[in-house]
Amino acid sequence: MKTHKGYKVYPLTAAQKFHFFYLDRCPKKEVMNIGTSLTIEAELDIDALREAIWKAYDRSEGMRIRFTYDKKENQWYQYVVDKEKPEIEYVDFTGKTMEEAEQIMTGWTQVPFEREDSLMSKIVIIKTPDGNQGLYLLGDHMILDAQSLILFMRDIIELYCNSKFEGVDYPKEMRSYIEQLEKDLAYENGSKAQQRDREFFHKLIDESEPIFNGIDGPQPLEEMRKKNPDARSAYFITPHVDSALDIFHLEGEPTARLMKFCEEQHISLQCLLIMGIRTYFQKFNGNDDVSFNVAYARRATLSEKKSGGTRIHSFPFRTIIPEDKTFLEGIHMIRDGQNEIFRHTNFDPVEYFAYRAQKYPIPQGSSYEPMSLTYQPMTQKDQGLSKLGDIKYKTKWYPNGATTQAMYLTVMHRPEDNGLDFNFEHQVAAISREKLEYFYYYICKIMFKGIEKAYMPIGDILKLI
């Protein structure tokens, strides 16, 4: 048994290696940071909140992950420490504007963590200029994804409320990160399930080569075809990793209409979003064959949901939907394709891309996928904070300032009205805010016209917008 500082060490999981896959290519190491705040419209007991934070660390193995580098083996390992009691500063932003406070928290988000044997998270208790109080949490993507971050913050709030208010139950225990880690590593160690998933993805890749679709149209592909008439990939990502985060808000009432359609048709909102996005590319590239990356949370079981850590795997999702298919038929094709992929998402994305690159060698730096999509259905409201009555709260995500992707869209629900926020993290050199606004406008136009005319062929819907 390999140990470090008295703790058993474990190899990295496929999800963690996937982060290293792009970290190695990015000069700005803050690319791994996730920063967010949750503030409540209430006066908080700062000492009690600090105690709740420390208790939440005690309950979460995933938040106590540390990393160590073995120079002889030239690889990273992880271990979980017994106790984590970080210094927790209190910062009062009273007297500043909200913009100034957000600028300061954005600055915190753009400082990378030391990786060797270091705490990979930071919490600050804050009071915002609007009088709200709560938390700012910064975590490294190697120990956190959006779902585990929300879970940890919810645990803090519920522990606090249990200590301060009568009738609020003590939150149920978290699950063991180490136990889930051992299951993941057993899968990755040549299991039959891994072999089945490998066969599925190899077959999918072998069927035929994807084709690039651009947000501005087919120009990037046409440029590639000047050198190689058979090219199907294109250059879109730039070497300049400086990024911006632009957010567009869809109000609660129109969001509710989309959700109602999904409920009636027994499909997920993720399927409808994919349909809107791929139909945009179809319209502006004249192509029925559309691919982009989709992130999968891999949190189906209670152990996966409550053990923390990072579990995101991202795979290209390809749809070939002719314009004579109805909008609803297209969504059903997406649903069926998504359901197939869901069953195999434990597979290592790095191995997926390596096999595809071997099958279809393309120029380095070129790609078939112009963007990535994450839909985050989890909100604090859904996860039990409604039990706390009508306490109003706000959440805010802060940009880390770097991305290796041209465009990464995360769609999340707002706590205030359950409307949708379209969070576009994008390379400033690759794509402008104006272009994203145009893209967002058309995605919404397609989705709303589509749910209104679900039995109309896609080609006819495109003529209407």
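The shown structure was predicted, so the numbers you read here are calculated from the model rather than taken from an experiment.
- Between R115 and D140, at least one side-chain nitrogen of the basic residue sits less than 4.0 Å from a carboxylate oxygen of the acidic one, meeting the salt-bridge criterion.
- Between Y352 and F347, the closest heavy-atom pair is N-CE2, 3.9 Å.
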(request) Verify side-chain hydrogen bond (donor to acceptor under 3.5 Å, both in side chains) between D197 and Y187, making sure each step is shown before the conclusion. (result) CA-CA 11 Å; D197 296 341; Y187 164 88; 2.6 Å; yes
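- The distance from the CD atom of E329 to the CE atom of M333 is 8.5 Å, given to the nearest 0.5 Å.
- For the pair D460 and K463, the salt-bridge criterion is met [side-chain N within less than 4.0 Å of a carboxylate O].
- E61 and R66 are not joined by a salt bridge, as no carboxylate oxygen comes within less than 4.0 angstrom of a charged side-chain nitrogen.
- Residues R225 and D230 are not paired through a salt bridge, judged by the lack of any N-O separation under 4.0 Å between the basic side chain and the carboxylate.
- Looking at S372 and Q405, their side chains do bring a donor and an acceptor atom within 3.5 Å of each other.
- Using modelled atom types and a 3.5 Å distance limit, the side chains of R335 and Q338 yield no donor-acceptor pair.
- Scanning both residues, I362 and S233, for their nearest heavy atoms gives CB-OG, 3.6 Å.
- F248 pairs with exactly one of F422, F424, F439 by the ring-ring contact (aromatic ring centres under 6.0 Å, His included) rule, that one being F424.
- With respect to the salt-bridge test (charged N to carboxylate O, under 4.0 angstrom), the residues E263 and K260 do not qualify.
- The nearest pair of heavy atoms linking F152 to Y57 is CE1-N, 3.9 Å.
- Under the 3.5 Å distance criterion, with hydrogens and angles disregarded, no donor-acceptor pair is assigned to the side chains of Y398 and T36.
- Between T374 and Y408, the shortest heavy-atom contact is OG1-OH, 2.6 Å.
- Within a 6.0 Å sphere centred on NZ of K453, other residues, nucleotides and ligands contribute 12 heavy atoms or fewer.
- In the model, H413 has a side-chain atom that pairs as donor or acceptor with a side-chain atom of Y375 under 3.5 Å.
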(request) Evaluate the criterion salt bridge (Lys or Arg N to Asp or Glu O under 4.0 Å) for residue pair R311 and D145; output intermediate values, then yes/no. (result) CA-CA 7 Å; R311 300 194 58 77; D145 56 29; over 6 Å; no
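- Between the side chains of T310 and H19, a donor-acceptor pair is found at a separation under 3.5 Å.
- Side-chain contact check for S303 and R175: no donor-acceptor pair (N or O, by modelled atom type) lies under 3.5 Å.
- Checked against the 6.0 Å centroid criterion, the rings of Y455 and F327 do not qualify as a close aromatic pair.
- By the 4.0 Å N-to-carboxylate-O rule, R257 lies close enough to E253 to be salt-bridged with it.
- Between P322 and D288, the shortest heavy-atom contact is CA-OD2, 3.6 Å.
- Y442 carries K445 over the face of its six-membered ring, with the cationic atom under 6.0 Å from the centre and within 45° of the normal.
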